Participant: 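Pasting a structure here, questions to come.
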Protein chains: 2
Amino acid sequence: MRNKVQCEECSEDSCLIKYLIGSEYLKAVRNGMTQNVYKKDTHIFKEGDPIFGIYFIQSGGVKVVTTSLNGREQVVRLAKAGQILGHRGLDSARYYFNAIALMDTMVCFIESKVFNATCLNSAELSYHLMILFAHELRRAELRVKYQAQMNIREKVAEAFLYINEVFGVNPETKLLNISLSRQDIADTAGTTAEQVTRQLRDFENEKLIARDKWSIKILDIKGMEKIVEDYAIF
Amino acid sequence: MRNKVQCEECSEDSCLIKYLIGSEYLKAVRNGMTQNVYKKDTHIFKEGDPIFGIYFIQSGGVKVVTTSLNGREQVVRLAKAGQILGHRGLDSARYYFNAIALMDTMVCFIESKVFNATCLNSAELSYHLMILFAHELRRAELRVKYQAQMNIREKVAEAFLYINEVFGVNPETKLLNISLSRQDIADTAGTTAEQVTRQLRDFENEKLIARDKWSIKILDIKGMEKIVEDYAIF
DNA sequence: TTAGATAAATGATAATTATCACTCTTCAAG
DNA sequence: CTTGAAGAGTGATAATTATCATTTATCTAA
């Protein structure tokens, strides 16, 4: 959990704002930026809320979730430190999704007015934001395919690969750097908590993972990848 | 099917290039643009192909498809005249998806080098492309939810709403402006052609649609929308 | 430490959906 | 017009997955 820092001193190298360092636009961004802590399970923003601005995660982790009227949630994105939130509503008056903290999370906030003006002024920031959009769109569309075509075994394996990709594992313990409930994993995989539990038992029996009290240890990442290899693109 | 036209004279008002009319950048774009016809069922580009450039649909219709190694296809996007293709690979060396003509389709092509330079130079084009990305990303993520949570009835209804949204219906005949095979509808809905056929029969029995030789007539669009209302966002 | 609440795990079963095997219909080519 | 291929439709069944009901394990507050 980090203390409030200036952008130049922030250790999050992957943050888009890093592209502004040294430019004339950084000052406006920094002057309009606030930093807040969100406790685990609290909303950073909610679908339907008026859009105030754009968020950057300084530390912690967030799930971006869409909820159906029947109460079911679908995790559409996981985000770690350095990543941006709220950009899906760039052209909109309201947030379309919920951003919920998966652990205590420090988030930097910039008002839309400031961020949008900076995008219009800094070709470099704008360009990198567009690259990010292209990348996220591709990933989202692959996830449409996964949901349409994968069986539960494959979906749960894919969910773990995604969690590992975003949050990584502790190199020593091999434990995923985040502890997620069975329901969160299920909402990411697109199935039920019971099916996740069953599949985890199978994976553990196959020595692909180990269930630890706090989180999951990934024993054989290649073995997990092999489960979903039919869905790889070129 | 249109003949080759200049951008200023093209009747496709929704094309992004329209934002360049009157600007100094239009000439480079126009000089670097070619127009080609793709027959129904042919590829405009294939996943894995090196990226040559960006396409704009002048007339016709295209499905953007991702294919799994097991041969299954998932339609991730439908696109009509005026819309852009190939922008998902903006930052990439290869196309990630296939674009396949759903009917004879005329497409304008701009080399990546020209298009990217124009984006960097024209803040207006860049901005509108970003808006398009935000919009498409939201839609793609909603589709993740639909695939994860909807049953077949709902998925097929949603597929028809999407087809109607993109291609519309003939106001007189109420027939969808495009004739899609049961397999194409299934690849859009994320199910099998048999299930699509069954569901169509049910919808017809419920007077929501009528099956015509050439296409489908949507009799009660509100009734179709009601089937998926649980998944609406705010 | 205890009690209560919640999460995880498990077994059984109901519901859903893909698959398979066919028949019927339509279309295109000769 | 005929024939063959392909698409659409249908019925049956196998496979998969959600749901339900319970038990076990864990966590938190007093």
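Since this is a predicted model, take the numbers as computed values, not measurements. Throughout, protein chains are lettered first and strands after them, A, B, ... in sequence-line order, and every chain is numbered starting at 1.
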Participant: Please list, chain by chain and in numerical order, all residues satisfying salt bridge (charged side-chain N to carboxylate O under 4.0 Å, His left out) with A:R153, sequence neighbours excluded.
Facilitator: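 A:R153 satisfies salt bridge (charged side-chain N to carboxylate O under 4.0 Å, His left out) with A:E206 once adjacent residues are dropped.
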Participant: Contacts to DNA chain D from residues 176-198 of chain A, heavy-atom cutoff under 4.0 Å, which residues?
Facilitator: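 Per residue number, the list reads A:T191, A:T192, A:E194, A:Q195, A:R198.
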Participant: Atom CG of A:L200 to atom P of C:dT10: distance rounded to whole Å?
Facilitator: 10 Å
Participant: Which atoms form the tightest heavy-atom contact between A:R77 and A:Y162, and what is the distance?
Facilitator: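 It is CA-OH, 3.4 Å.
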Participant: At a heavy-atom distance below 4.0 Å, what parts of residues 151-159 of chain A sit against DNA chain D?
Facilitator: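 By residue number: A:N151, A:I152.
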Participant: Measure from CD1 on B:I209 to C1' on D:dG9 and round the result to the nearest Å.
Facilitator: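 Whole-Å distance recorded here is 13 Å.
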Participant: When the distance from CD of A:Q147 to C1' of D:dT16 is rounded to whole Å, what number comes out?
Facilitator: 15 Å
Participant: OP1 or OP2 of D:dG9 versus the side-chain N and O atoms of B:R211: is any pair under 4.0 Å?
Facilitator: yes
Participant: Could you state the CE-P distance from B:M150 to D:dA18, rounded to the nearest angstrom?
Facilitator: 16 Å
Participant: Please report, rounded to the nearest Å, how far the P atom of D:dG7 is from the CH2 atom of B:W214.
Facilitator: 17 Å
Participant: Measure from CD1 on A:I216 to C1' on C:dA9 and round the result to the nearest Å.
Facilitator: 13 Å
Participant: Is a side-chain N or O of B:E158 found less than 3.5 angstrom from the main chain of B:A189, in a donor-acceptor match?
Facilitator: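 Here the side-chain-to-backbone pair does not exist.
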Participant: Test of understanding: with salt bridge (charged side-chain N to carboxylate O under 4.0 Å, His left out), list the residues that count as partners of B:K63, not counting sequence neighbours.
Facilitator: B:E73, B:D184
Participant: Whole Å only: how far is the NZ atom of A:K213 from the P atom of C:dA7?
Facilitator: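 Interatomic distance, NZ of A:K213 to P of C:dA7: 18 Å.
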Participant: Listed by chain and number, what are the salt bridge (charged side-chain N to carboxylate O under 4.0 Å, His left out) partners of A:E229, not counting sequence neighbours?
Facilitator: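 Salt bridge (charged side-chain N to carboxylate O under 4.0 Å, His left out) list for A:E229, sorted by chain: A:K226.
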Participant: Specify the separation, in whole Å, of atom CD of B:Q149 and atom P of D:dT19.
Facilitator: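 It works out to 11 Å between those atoms.
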Participant: Distance-only, no hydrogens or angles: does the B:E141 side chain make a donor-acceptor pair with backbone N or O of B:R138 under 3.5 Å?
Facilitator: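 Answer holds: no.
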Participant: For D:dT10, does OP1 or OP2 lie under 4.0 Å from any side-chain N or O of B:R201?
Facilitator: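 Yes.
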Participant: Is the B:Y55-B:F45 ring centre distance short of 6.0 angstrom?
Facilitator: yes
Participant: Any side chain to side chain donor-acceptor pair (under 3.5 Å) involving residues 211-223 of chain A? Give me the pairs, sequence neighbours left out, ordered by first then second residue.
Facilitator: A:E204-A:R211
Participant: Any donor and acceptor pair, going by atom type alone, linking the side chain of A:N98 with main-chain N or O of A:V65 inside 3.5 Å?
Facilitator: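 At least one qualifying donor-acceptor pair exists.
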